[in-house]
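A short worksheet on the structure shown next.
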Number of protein chains: 2
Amino acid sequence: LINLKDIVKTYQIGTVEVQALRGVDILIHSNEYISIMGPSGSGKSTLMNIIGCLDTPTSGIYELEGELVHTMDDNKLAEVRNRKVGFVFQTFNLLPRATALHNVELPLIYSGISAAKRKVIAEDAIEKVGLTDRMHHRPSELSGGQRQRVAIARALVNNPSLILADEPTGNLDSTTGKEIMAIFDDLHNAGNTIILITHEKIVADHADRIVHILDGHIAEDIQVKNN
Amino acid sequence: LINLKDIVKTYQIGTVEVQALRGVDILIHSNEYISIMGPSGSGKSTLMNIIGCLDTPTSGIYELEGELVHTMDDNKLAEVRNRKVGFVFQTFNLLPRATALHNVELPLIYSGISAAKRKVIAEDAIEKVGLTDRMHHRPSELSGGQRQRVAIARALVNNPSLILADEPTGNLDSTTGKEIMAIFDDLHNAGNTIILITHEKIVADHADRIVHILDGHIAEDIQVKNN
Ligand SMILES: Nc1ncnc2c1ncn2[C@@H]1O[C@H](COP(=O)(O)OP(=O)(O)OP(=O)(O)O)[C@@H](O)[C@H]1O
Ligand SMILES: Nc1ncnc2c1ncn2[C@@H]1O[C@H](COP(=O)(O)OP(=O)(O)OP(=O)(O)O)[C@@H](O)[C@H]1O
Ligand SMILES: [Mg+2]
Ligand SMILES: [Mg+2]
């Protein structure tokens, strides 16, 4: 499914070059369940953004289902992304002036679904994350964990086959966190590919494989189960 | 130090009234170390915002060091806040167009400290959270955990005696999280009052007292140690 070869990502800050990824190789098959762990600033989100077609590498090769992603233009990237990827951002990235419901409906607008059907699908996704009584609130009228759950619902509403979640339970109490992990487990059992960044071992343990990132490199890549 | 009596906070969303806090009583003495836990949406951040003078209750009494906070006007509230409180926000709230260094310097500007001295103090705080080599980055050029650490450094730079931190380790790997908790432990040992919202037991266990919030009420208030 996903084949990254010698992926490098550098940023320029004034005269200094920041090396976020220093040559990453990773092969991910369809229906894998992977946790990515590592220190703050080690490159996890950068790697996930490249896998999710939100960012392009400085150099290296990215093959996604046989297509060469690293050579795609912005329009093609956006089209691949909207069709295949569901992304839960570390900082949620909700539209501040739209309600929770409208935020969750947004990906469906690009899929050409009727307004009436969009509303039903979005309400379903919102119910799954336990926010039915908050769907008309805007992000500023929601708690941190409620915003996180809106971001999760939005990522899943288009039924993507590749789900990327960056610290999806970082703002959730353990009970709500378990409910969210149950959603990811179900999606995995339904055949989808799940990649989670987490710092919590109890979350990482849901995965079959744990990848440790250190200073822009893959330090360890461990198969923990064979599901 | 802090005396809250029958604190109620309600919001109006269209015709619906949301009861975020439904009558909270809590007494906190100087130099206490408290963890606040509870489900997503239960009222933890709302309670912390009221304690930190960032928000006023709908009804109820708030006495802070003998002064009646709930009757203060915005200017007086801001003055009390800047002098006494260090606040780490659940969503960081950094200035997007200022560097990490400038974000950390900001509270010092109101204290009338010279520009040269401000820079030294802010650089010290940034070093304490391990971000010296990132101090000239803007928030969009930082990882999630790096932004969180900038928010922590900013909260502590004015040497506040009341430190309120809302999920301060939510985006940090366990090693970096331990370093941050060591900072809070030191501040507590130095005589300050620490109140943390967290969903992680390993973080909550640093405190002497754990307060459980459920649906806008205090469900449990337990002294776990006597330090
Ligand atoms: N401005 C607002 N308008 C309407 N409702 C609000 C507003 N701010 C918060 N709420 C509601 O008040 C309740 C308490 O919010 P609060 O942010 O205190 O929860 P919390 O315990 O911090 O949750 P989390 O663990 O998810 O951060 C939530 O149900 C939220 O939807
Ligand atoms: N736009 C940018 N410009 C410059 N440096 C950047 C930029 N974005 C990220 N970085 C740097 O790249 C490194 C990797 O960032 P990344 O967000 O991938 O880390 P992370 O592993 O997700 O960290 P965290 O656990 O704190 O979220 C960090 O040191 C960060 O400061
Ligand atoms: Mg990150
Ligand atoms: Mg909160």
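All values reported here derive from a predicted model rather than from experimental measurement. Throughout, a chain's letter reflects where its sequence line sits, starting with A, and its residues are numbered from 1.
- Heavy-atom proximity under 4.5 angstrom to chain B picks out A/Ile13, A/Val18 from residues 9-23 of chain A.
- For chain B, the option among A/Met37, A/Arg134, A/Lys201, A/Gln90 with the highest count of heavy-atom pairs below 4.5 Å is A/Gln90.
- Both the backbone and the side chain of A/Gln146 come within contact range of chain B, judged by heavy atoms closer than 4.5 Å.
- No more than 12 heavy atoms of other residues, nucleotides or ligands sit less than 6.0 Å from atom NZ of A/Lys119.
- When A/His199, A/Arg149, A/Glu141 are compared by the number of non-hydrogen pairs under 4.5 Å with chain B, A/His199 comes out ahead.
- Applying the 6.0 Å contact sphere to CZ of A/Arg138 captures no more than 12 heavy atoms from other residues, nucleotides or ligands.
- With a 4.5 Å cut-off on non-hydrogen atoms, B/Arg147 touches chain A through its side chain but not through its backbone.
- Atom CG of A/Asp73 has more than 12 neighbouring heavy atoms from other residues, nucleotides or ligands inside a 6.0 Å radius.
- Using a 4.5 Å cut-off between heavy atoms, B/Thr176 touches chain A through its side chain atoms alone.
- Around the CD1 atom of A/Ile109, the shell of radius 6.0 Å holds more than 12 heavy atoms that belong to other residues, nucleotides or ligands.
- For B/Glu200, the part lying near chain A is the side chain, with the backbone staying farther off; criterion is any non-hydrogen pair under 4.5 Å.
- Below 4.5 Å, heavy atoms of chain B meet heavy atoms from A/Pro39, A/Ser40, A/Gly41, all part of residues 39-47 of chain A.
- Only the side chain of A/Thr91 comes within less than 4.5 Å of a heavy atom in chain B; its backbone stays farther off.
- Atom CD1 of B/Ile197 is separated from atom CG of A/Asp173 by 12.5 Å, given to the nearest 0.5 angstrom.
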